[in-house]
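Note that this is a predicted model, so its numbers are computed, not measured. By convention in this document, chain letters (A, B, ...) are assigned in the order of the sequence lines, proteins followed by strands, and residues within each chain are numbered from 1.
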Amino acid sequence: AQSVAQPEDQVNVAEGNPLTVKCTYSVSGNPYLFWYVQYPNRGLQFLLKYITGDNLVKGSYGFEAEFNKSQTSFHLKKPSALVSDSALYFCAVRPPGSGGYQKVTFGIGTKLQVIP
Amino acid sequence: DSGVTQTPKHLITATGQRVTLRCSPRSGDLSVYWYQQSLDQGLQFLIQYYNGEERAKGNILERFSAQQFPDLHSELNLSSLELGDSALYFCASSVALQGAQSYTFGSGTRLTVV
C-alpha cells in the first residue's frame, strides 16, 4: 500500500530565510509526486509535480522540490520565505500505471508559519 | 476562482438528517473526486467519477453516495448524519482518468452536524 509521511505538523521560519517542508513516501515503482497548498477557507491549490527527469522541480510562487529516489523523499523548498507563504502544505503521491484508477494519497499536511 | 464550484459553502444540520453537496467541475474536466477533510484524519479520498461512471471508491461510508450527471456535475449525498460527519468536503476535478495530471479543487463545503 502506498503512503505519504509529512513528519512535521508545523514549520516555523523567519521571513527572508529559506524554508523546507519535508515529505517521504512509500510506493511501488516510480511515483508521480505532487505538492499542494491550502490557504485558510480555500481549497487545495496545485504547486508542482514530479513525473520524471530532473530531480529538481520548479513550481508556482517560487517554490521548488527535490526528488530523492534513494531516500524516497520529495521535500518542498523556497530560498526566501514570505509571510504570505503561511499556509497548510500537502504532499501527495500517485503510483504510475496504465489501465484503471491509480489512487492519489495525500499526506496529513504541514502548517507553515512565516514569522515577520 | 479555481473553476470548480461547490455549493453550499456552509451547511448546518441535525443528526439523522440527509444533505446533498453539489460540485461543478472545471470546464473540460471529465473526472470528479470527492474528499473529506477533518482535523484528525487529514484528506481522505471518498469516491471518483469519470464521465458519468463511478471509477474508484475510497473510505466512503455506506451512508454516503454520489453520482455524476450527464452535464458532468456531481452530487455527494450524506444520510443518517452523525456528529463525526462534521468536516470539510472537497470536490476536485481533472481532465482525464489517470496519469500525472494535477487536480483542481473547489473551495469546499463545511458541514456541521449538531
Quiz prompt | More than 12 heavy atoms from other groups under 6.0 Å of CD on Q10(A) | solution = yes
Quiz item: In this structure, are over 12 heavy atoms from other groups packed under 6.0 Å from N68(A) atom CG?
Solution: yes
Quiz item: L76(A), F74(A): one ILVMFWY side-chain cluster at the under-4.5 Å cut-off?
Solution: yes
Quiz item: When clusters are formed by joining ILVMFWY residues with side-chain heavy atoms under 4.5 Å apart, either directly or through shared neighbours, do W35(A) and Y61(A) land in the same one?
Solution: yes
Exercise. Work out which heavy atom in Y33(B) is nearest to a heavy atom in R94(A); give both atom names and the distance.
Key: OH-NH2, 4.5 Å
Quiz item: Which one of Y39(A), Y36(A), F46(A) satisfies the ring-ring contact (aromatic ring centres under 6.0 Å, His included) criterion with F105(B)?
Solution: Y36(A)
Quiz prompt | Under 4.5 Å from a heavy atom of chain B, the part of L88(A) involved | solution = side chain
Quiz item: Do Q38(A) and L43(B) come within less than 4.5 Å of each other through their side chains, counting heavy atoms only?
Solution: no
Quiz item: Hey, what do you get for CZ (R110(B)) to CG (N41(A)), rounding to the nearest 0.5 Å?
Solution: 6.5 Å
Quiz item: If you count heavy-atom pairs under 4.5 Å between each of T105(A), L44(A), L33(A) and chain B, which one has the most?
Solution: L44(A)
Quiz item: What about the rings of F106(A) and Y35(B), do their centers lie closer together than 6.0 Å?
Solution: yes
Practice problem: Report the distance from atom OG of S102(B) to atom CD of Q45(A), rounding to the nearest 0.5 Å. | Solution: 11.5 Å
Quiz item: Can you get from V57(A) to Y32(A) by hopping between Ile, Leu, Val, Met, Phe, Trp and Tyr side chains that sit under 4.5 Å apart?
Solution: no
Practice problem: May I ask whether L78(B) and Y49(B) are part of the same hydrophobic cluster, defined by side-chain heavy atoms of I, L, V, M, F, W, Y residues being less than 4.5 angstrom apart, directly or through others? | Solution: yes
Practice problem: Work out which heavy atom in Q37(B) is nearest to a heavy atom in F90(A); give both atom names and the distance. | Solution: NE2-CZ, 3.3 Å
Quiz prompt | Connected via hydrophobic side-chain network under 4.5 Å: F34(A) and I108(A) | solution = no
